[in-house]
Amino acid sequence: QVQLVESGGGLVQAGGSLRLSCAASGRPFSTYVMGWFRQAPGKEREFVATISRSGGTTQYADSVKGRFTASRDNAKNTVYLQMDSLKPEDTAVYYCAASPCSSGTFYRRDEYHYWGQGTQVTVSS
């Protein structure tokens, strides 16, 4: 198993930036594909980004492509989400998640077995 703890959320004005962190403990971090999801009030949890075990491959939702960047430091057991040019519609609780799957799209929630508690991101207009 792996335990995940997100941090770095907060209140920011539109156009600003935030960097989320997700610290992992438990099984070797490098064995997991990591993902970021978000959930806005009244909406389903949606895919934001995923990063491969080595960090060499990333994929993003169209809504954040070009503005968000996922990265990871396996030596520190931490994955990051750099969020730039934030918009009010980015307001949500952001979750990191870990997938032990050897293959898949990694866009789907059911591919991830472990989840953090979430961190609130609020973007004011």
Side-chain angles (χ1 to χ4, degrees):
Q1 285 197 350
V2 64
Q3 292 76 45
L4 304 172
V5 179
E6 302 98 333
S7 61
L11 174 64
V12 64
Q13 288 189 333
S17 297
L18 281 175
R19 188 194 196 202
L20 305 184
S21 299
C22 173
S25 60
R27 276 186 58 186
F29 179 65
S30 60
T31 63
Y32 293 96
V33 170
M34 298 300 294
W36 287 97
F37 289 74
R38 67 186 181 186
Q39 187 167 17
K43 295 189 177 181
E44 292 203 353
R45 193 171 299 188
E46 66 175 4
F47 168 77
V48 174
T50 185
I51 185 166
S52 63
R53 292 172 178 83
S54 67
T57 301
T58 53
Q59 298 178 80
Y60 301 94
D62 288 342
S63 58
V64 307
K65 204 171 291 183
R67 300 188 298 120
F68 290 11
T69 304
S71 61
R72 66 191 294 166
D73 185 337
N74 286 343
K76 294 183 178 180
N77 292 349
T78 302
V79 63
Y80 305 97
L81 186 67
Q82 177 67 41
M83 306 186 295
D84 298 317
S85 302
L86 282 161
K87 304 175 181 180
E89 51 263 43
D90 295 318
T91 295
V93 177
Y94 283 71
Y95 299 88
C96 69
S99 175
C101 299
S102 58
S103 64
T105 68
F106 299 109
Y107 298 159
R108 303 196 326 262
R109 288 175 292 173
D110 62 2
E111 295 178 290
Y112 293 85
H113 294 193
Y114 307 104
W115 293 83
Q117 82 288 352
T119 186
Q120 176 70 48
V121 171
T122 303
V123 185
S124 62
S125 57

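As the structure is a prediction and not an experimental result, all values here were calculated from the model.
- Residues G9 and V121 come closest through the heavy atom pair CA-CG2, 4.1 Å.
- Y95 contributes no side-chain N or O that, together with a main-chain N or O of R45, makes up a donor-acceptor pair within less than 3.5 Å.
- Across V48 and V64, no two heavy atoms sit closer than the pair O-CG2, 3.6 Å.
- A perpendicular orientation is assigned to the rings of F106 and Y112, their planes being inclined by more than 60° (bins at 30° and 60°).
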* To do: Report the C-alpha separation of S125 and K87 in whole Å, then their side-chain angles, then the decisive distance to 0.1 Å, and conclude whether the side chain to side chain contact (heavy atoms under 4.5 Å, CB included) test is met.
  => CA-CA 8 Å; S125 57; K87 304 175 181 180; over 6 Å; no

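- A donor-acceptor pair is defined here as one N or O able to donate and one able to accept, closer than 3.5 Å; no such pair exists between the side chain of T122 and the backbone of L11.
- With contacts defined as side-chain heavy-atom distances shorter than 4.5 Å, the pair F29/T78 does not qualify.
- In terms of heavy atoms, Y114 sits closest to L4 at O-CD1, 3.5 Å.
- Applying the disulfide bond (SG atoms under 2.5 Å apart) test to residues at least two apart or on different chains, none of the pairs has a partner in residues 33-80.
- In this structure, CG on D73 lies 11.5 Å from OG on S30, to the nearest 0.5 angstrom.
- The backbone N or O of R53 sits less than 3.5 Å from a side-chain atom of N74, completing a donor-acceptor pair.
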* To do: Show the numbers, then the answer: is there a side chain to side chain contact (heavy atoms under 4.5 Å, CB included) between R38 and K43?
  => CA-CA 9 Å; R38 67 186 181 186; K43 295 189 177 181; over 6 Å; no

* Evaluate the side-chain hydrogen bond (donor to acceptor under 3.5 Å, both in side chains) criterion for residues T105 and E111: first the C-alpha distance (whole Å), next the side-chain angles of each, then the deciding distance (0.1 Å), finally the verdict. => CA-CA 8 Å; T105 68; E111 295 178 290; 3.0 Å; yes

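- Note: W36 CH2 to Y94 OH = 10.0 Å, rounded to the nearest 0.5 Å.
- Checked against ring-ring contact (aromatic ring centres under 6.0 Å, His included), F47 has the following partners two or more places apart in sequence or in another chain: F37, Y107.
- Between E44 and R109, at least one side-chain N (NZ, or NE/NH1/NH2) sits under 4.0 Å from a carboxylate O, which counts as a salt bridge.
- Remark: the backbone N or O of G118 is paired with a side-chain donor or acceptor of E6 at under 3.5 angstrom.
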* To do: Start with the C-alpha gap between Q3 and V5, add the side-chain angles, then the distance that decides, and say whether side chain to side chain contact (heavy atoms under 4.5 Å, CB included) holds.
  => CA-CA 7 Å; Q3 292 76 45; V5 179; 5.8 Å; no

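- Annotation: the span from C96 atom SG to I51 atom CD1 amounts to 12.5 Å, rounded to 0.5 Å.
- For R72 (side chain) and G55 (main-chain N/O), no donor-acceptor pair under 3.5 Å exists by modelled atom type.
- Linking ILVMFWY side-chain heavy atoms closer than 4.5 Å, directly or via other members, places Y60 and V79 in a single hydrophobic cluster.
- Clustering ILVMFWY residues whenever any of their side-chain heavy atoms sit less than 4.5 angstrom apart, transitively, puts V12 in a cluster other than the one holding V93.
- Looking only at distances, a side-chain donor or acceptor of R67 sits under 3.5 Å from a matching main-chain atom of S63.
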Show me, pair by pair, the donor-acceptor contacts under 3.5 angstrom made by side chains of residues 14-24, not counting sequence neighbours?
from : atom 1 : to  : atom 2 : distance (Å)
S17  : OG     : D84 : OD1    : 2.7

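- In the hydrophobic clustering of ILVMFWY residues, with side-chain heavy atoms under 4.5 Å counting as a link, M83 and V123 come out together.
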* To do: Output, in order, the C-alpha distance, side-chain angles, deciding distance and verdict of side chain to side chain contact (heavy atoms under 4.5 Å, CB included) for V33 and T50.
  => CA-CA 7 Å; V33 170; T50 185; 3.4 Å; yes

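- Minimum heavy-atom separation, A92 to Q120: O-NE2, 3.4 Å.
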